[in-house]
Student: 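Sharing a structure, written as structure tokens. Questions coming.
Quick note on labels: first sequence line is chain A, next is B, and so on, each numbered from 1.
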Amino acid sequence: MITRTTLKRSFYQDSVALMGLARELRTGAGVRETAALMGTPANQALMADAGLLTEEARAAGPNDLVIVVQTDSAAEAEAALARAESLLTARRARVEASGRRLPRTLDSAVRRLEGANLALISLPGVFAAAEARKALRRGLHVMLFSDNVALEDEIALKRLAAERGLLLMGPDCGTAYLGGVPLGFANVVPRGRIGLVAASGTGLQQVMTLLAAAGEGVSQAVGVGGRDMSERVGAPMTLAALEALGADPATELIVVVGKPPAPAVRAKVEARLHALGKPAVVAMLGREVTAGRSGPLTTVATLEDAAAATVARRRGRAWEPRAFSDAAAARQRVKEFRAARGTGAAVVRGLFAGGTLAYEALLILEPLLGVDSVGGNLGGHGGGPHRVLDLGADEYTVGRAHPMLDAALRVEEIQRAAKEPDTAVLLLDVVLGHGAAVDPAGDIAPALEAARRHAQAHGRGLAVVASVVGTTADPQGLAAQTARLEAAGAWVLPSNAQAARAAACIAGEPRVAEALLDGGA
Amino acid sequence: MIGTRLRVRALGAQLAARLETDHSLPDRPHSVFEHAVNFETADGALLTLHGPGPLAAPFAIALESWEADLAGGPLTLDLGGAARVDLAVRPARNGVTARVLLAAGLADTRPEPCAAGLESPRARAARAALSRAIGARDAADFIDAACGLIGLGEGLTPAGDDYLVGVLAILHRLADGWPAAGAVARALTAHAVDATTTVGAAFLRHAVAGQFSEPLRDLAMAKSPSAARAAAAALARMGATSGADTLAGMRAALAALEATPA
Amino acid sequence: MADYRDLFRHLGGELRVINLGLESFAETLEGLGVPVLHVQWTPPAEGDPGRARLLSLLEDEDGA
């Protein structure tokens, strides 16, 4: 039995909220006993009566909220406390410095905040479109984080935005970076000369963090949502952002990140890029992408290559894609992991928080392991045995927090995958930055350690291969997060693409490792 | 810097007298909720601002408009048109009539408190001891039992505090305020400071002095059975279980007083 | 389509954000010193998304 405590100092939330919290705690999976009480001496006695008075609870004062849960497992305790945390955060009234009450509508907010120029909307999809429309009418740019917005609404909203010279970033836009300000889930990157337009949040994050690692900075990064470059929508925001970046004196090179668009749209986008007269790198994640160079445009097939090609262009160097940044080290580790593989264990199980990262991994694994042998929930053709799961997809996040914020689901999947005797490799992404969990590596490390021990006990070695999308300046710290994963036995590679290749080298036929490593690449 | 003058619709008469000389509010609120904002003044007193409606605490201030902009610098209170509401519960001139009215008002409400904490063995023991102390008019036992309830149970104002506030309202109405005077009052107030939340301590401090929220005051001072019933219903709706816990305290005190020869 | 060439010149001044939805986004911006106002949003039109959408479509366009 596990007992865990959360202490919230000087915490004031009305009784209705506290009752809702207590109810939420009681109904948690595996919860045996729970208390959500102010830390008064009398309540500490009550908790002691129930066997719930922990050290932390004892340290509470009367104006502190004490939450104690007693569960069967540590994971269930952590999940219960995490749910409580998100409930409290969602209900807590924000207090501004002068103690003003918060506005209840967009209109009153616009009246209150002079010069407001951007609405950041992460409301439920059904309401988000209406609020976005209001914001555009009031002359605000919009970042529409919400997904589940109807295609018709997206088309109409972008038409409205285009009429007024405004940005409608999204729907499903998780990351942007405007005027040096990170919006949504965004990493701390230096300001610089590279402008980006992206149809994907985590895709953008991967490129920006790799650029930052190479010392390059970002001027602006505009998210356009996953459907912008589709035929029906017609890429209005992509074209608008490109026009803006073309005229922005601070932007010297442009990067576009997306999936291969419909041919008519592709032609429009490329024409615009050619007309801008600035060098451009285009990363299109798809199955039939031909990398190459055409005038100012360089087309690449992976997020990592987008960053590498950009850096090379900036420094006037030639550039070739390569499989691993440190081939010698990779060779060694692959050899060790292959040797430790149990007999019959040859399956890669990818468990991803970032949808685009999962997709990129799928695209890399398919040719290496066999197109028909990689399944999962990304709409690929394969039936398995390898699986790449996007745990942030709708079917996984109904009634649960997104894996970028809450590791409970990923921990469950790690445990499940570890129990399968044919699992050779767990492939993971860990995403840092503003908005992400406080300690994403720490949240999954115990489960990874347990998984490896479990495999060990059954006579097989389980390889954990990961990449960390983050920068040294991120609140979680790239180095600390990497170290935590490595301490848990993970092999951490510099990019999602390399991690996917590493997984294929470990689990696949010997020819995979030979092709990717022995060629000296 | 231009401040905001907040038009007050109503406030307790005692609070109004205190604020006559100083209408300003502290810069930073103590706590903010959807329907109320608390301020702690320099001398440690708590003030609650809320919208139009019955005064939810003896230290509450009902504003003309809850949509009023609380932004823009220092806040001052405009007491010009404010109703000064008497929130004191005073001894009944006719105790028998008062008991009948209170019993009528409490009859429709649920017999048990809603907060689970008040059902714990610890709480039940304290409640029983409190009832006995009231029956025996034993001030020392009363203090002990009351201290066992202060800070106990769920809620930002712990359920035990709400229960005690209900008890004190009955005692002020039917027992001349016994024992809440002098040393007992000081003992309870002092204990509350360390034993419960800031908001709970404020309620208790006022209750000891015979000052209550408007719905509770209306129930304790009701002049007719229908007024008593309406007030009880309004009180029952307050908070998550606050109202119900307060009513439970009132019921217990009423029963305990009836157990003794008048 | 309007002219987007001056977009970043206009935005380059200062981003001033109104946040509807996840509070953590507003918290991050506050921490960075970005002017942000969080909206305690409640559904309009009695919580009916269809009606809300209609309402927003019917809103007065004046001055727009």
Side-chain angles (χ1 to χ4, degrees), chain A residues 89-90 92-94 96 102-106 108-110 112-124 126-131 133-135 137 140-141 145-146 153 162-167 178-179 181-184 219-220 236 239-241 243-248 250-251 434-435, chain C:
Chain A
T89 307
R92 192 188 70 234
R94 307 283 337 288
E96 291 176 82
L102 292 172
R104 292 178 154 273
T105 65
L106 178 71
S108 59
V110 170
R112 279 255 294 266
L113 183 62
E114 238 185 87
N117 50 19
L118 177 85
L120 174 47
I121 301 175
S122 54
L123 299 167
V126 288
F127 295 107
E131 297 300 321
R133 183 170 288 111
K134 282 187 212 163
R137 285 227 188 89
L140 273 65
H141 299 280
F145 179 89
S146 316
D153 282 334
E163 281 163 18
R164 286 146 209 253
L166 296 170
L167 285 178
L178 295 182
V181 176
L183 296 163
S219 57
Q220 312 284 349
L239 295 170
E243 188 182 349
L245 289 173
D248 176 32
T251 300
H434 290 300
Chain C
M1 190 187 269
D3 194 325
Y4 277 87
R5 283 174 297 178
D6 287 333
L7 176 72
F8 293 124
R9 183 143 57 90
H10 294 324
L11 268 184
E14 183 177 54
L15 210 61
R16 297 171 75 82
V17 182
I18 290 174
N19 187 56
L20 293 92
L22 292 175
E23 281 197 61
S24 62
F25 290 156
E27 281 166 31
T28 299
L29 292 171
E30 248 191 41
L32 295 168
V34 174
V36 56
L37 187 52
H38 180 74
V39 175
Q40 290 276 63
W41 187 86
T42 51
E46 291 141 16
D48 180 338
R51 281 193 64 203
R53 189 173 174 277
L54 265 177
L55 270 179
S56 79
L57 287 170
L58 291 170
E59 250 182 38
D60 196 5
E61 282 259 33
D62 105 294

Student: Can you tell me if A:His141 uses its side chain to pair, donor with acceptor, with the backbone of A:Leu167 under 3.5 Å?
Tutor: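 Yes; judged by distance alone, with no hydrogens or angles, the pair exists.
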Student: Start with the C-alpha gap between C:Glu14 and C:Arg16, add the side-chain angles, then the distance that decides, and say whether salt bridge (charged side-chain N to carboxylate O under 4.0 Å, His left out) holds.
Tutor: CA-CA 6 Å; C:Glu14 183 177 54; C:Arg16 297 171 75 82; 2.8 Å; yes
Student: Can you see which heavy atom on A:Gln220 is nearest to which on C:Phe8, and at what distance?
Tutor: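 Heavy atoms only, the tightest pair is CD-CD2, 3.4 Å.
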Student: Taking every heavy-atom pair that is under 4.5 Å apart, which of A:Leu118, A:Thr105, A:Val110, A:Leu178 has the most such pairs with chain C?
Tutor: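 So the answer, after comparing A:Leu118, A:Thr105, A:Val110, A:Leu178, is A:Leu118.
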Student: Name the region of C:Val34, side chain, backbone, both or neither, that has any atom closer than 4.5 Å to a heavy atom of chain A.
Tutor: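 C:Val34 touches chain A through side-chain heavy atoms alone.
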Student: Just to verify, what does A:Ala135 make a side chain to side chain contact (heavy atoms under 4.5 Å, CB included) with, not counting sequence neighbours?
Tutor: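 For A:Ala135, the residues satisfying side chain to side chain contact (heavy atoms under 4.5 Å, CB included) (neighbours in sequence not counted) are A:Leu106, A:Ala119, A:Leu140, A:Val142.
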Student: What part of A:Glu163 gets closer than 4.5 Å to chain C, counting heavy atoms only: side chain, backbone, both or neither?
Tutor: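 Answer is backbone: N, CA, C or O of A:Glu163 sit under 4.5 Å from chain C.
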Student: Do you know which of A:Ala128, A:Ala241, A:Gly115 has the most heavy-atom pairs with chain C at a distance under 4.5 angstrom?
Tutor: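 Ranked by contacts with chain C, first place is A:Gly115.
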Student: Could I get the full list of side chain to side chain contact (heavy atoms under 4.5 Å, CB included) partners for A:Thr251, not counting sequence neighbours?
Tutor: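 A:Thr251: side chain to side chain contact (heavy atoms under 4.5 Å, CB included) contacts with A:Ser219, A:Leu245, A:Asp248, A:Ile254, A:Lys278.
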Student: Can you tell me which portion of C:Leu22 sits under 4.5 Å from chain A's heavy atoms? Options are side chain, backbone, both or neither.
Tutor: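 When you check distances to chain A, atoms from both the backbone and side chain of C:Leu22 fall under 4.5 Å.
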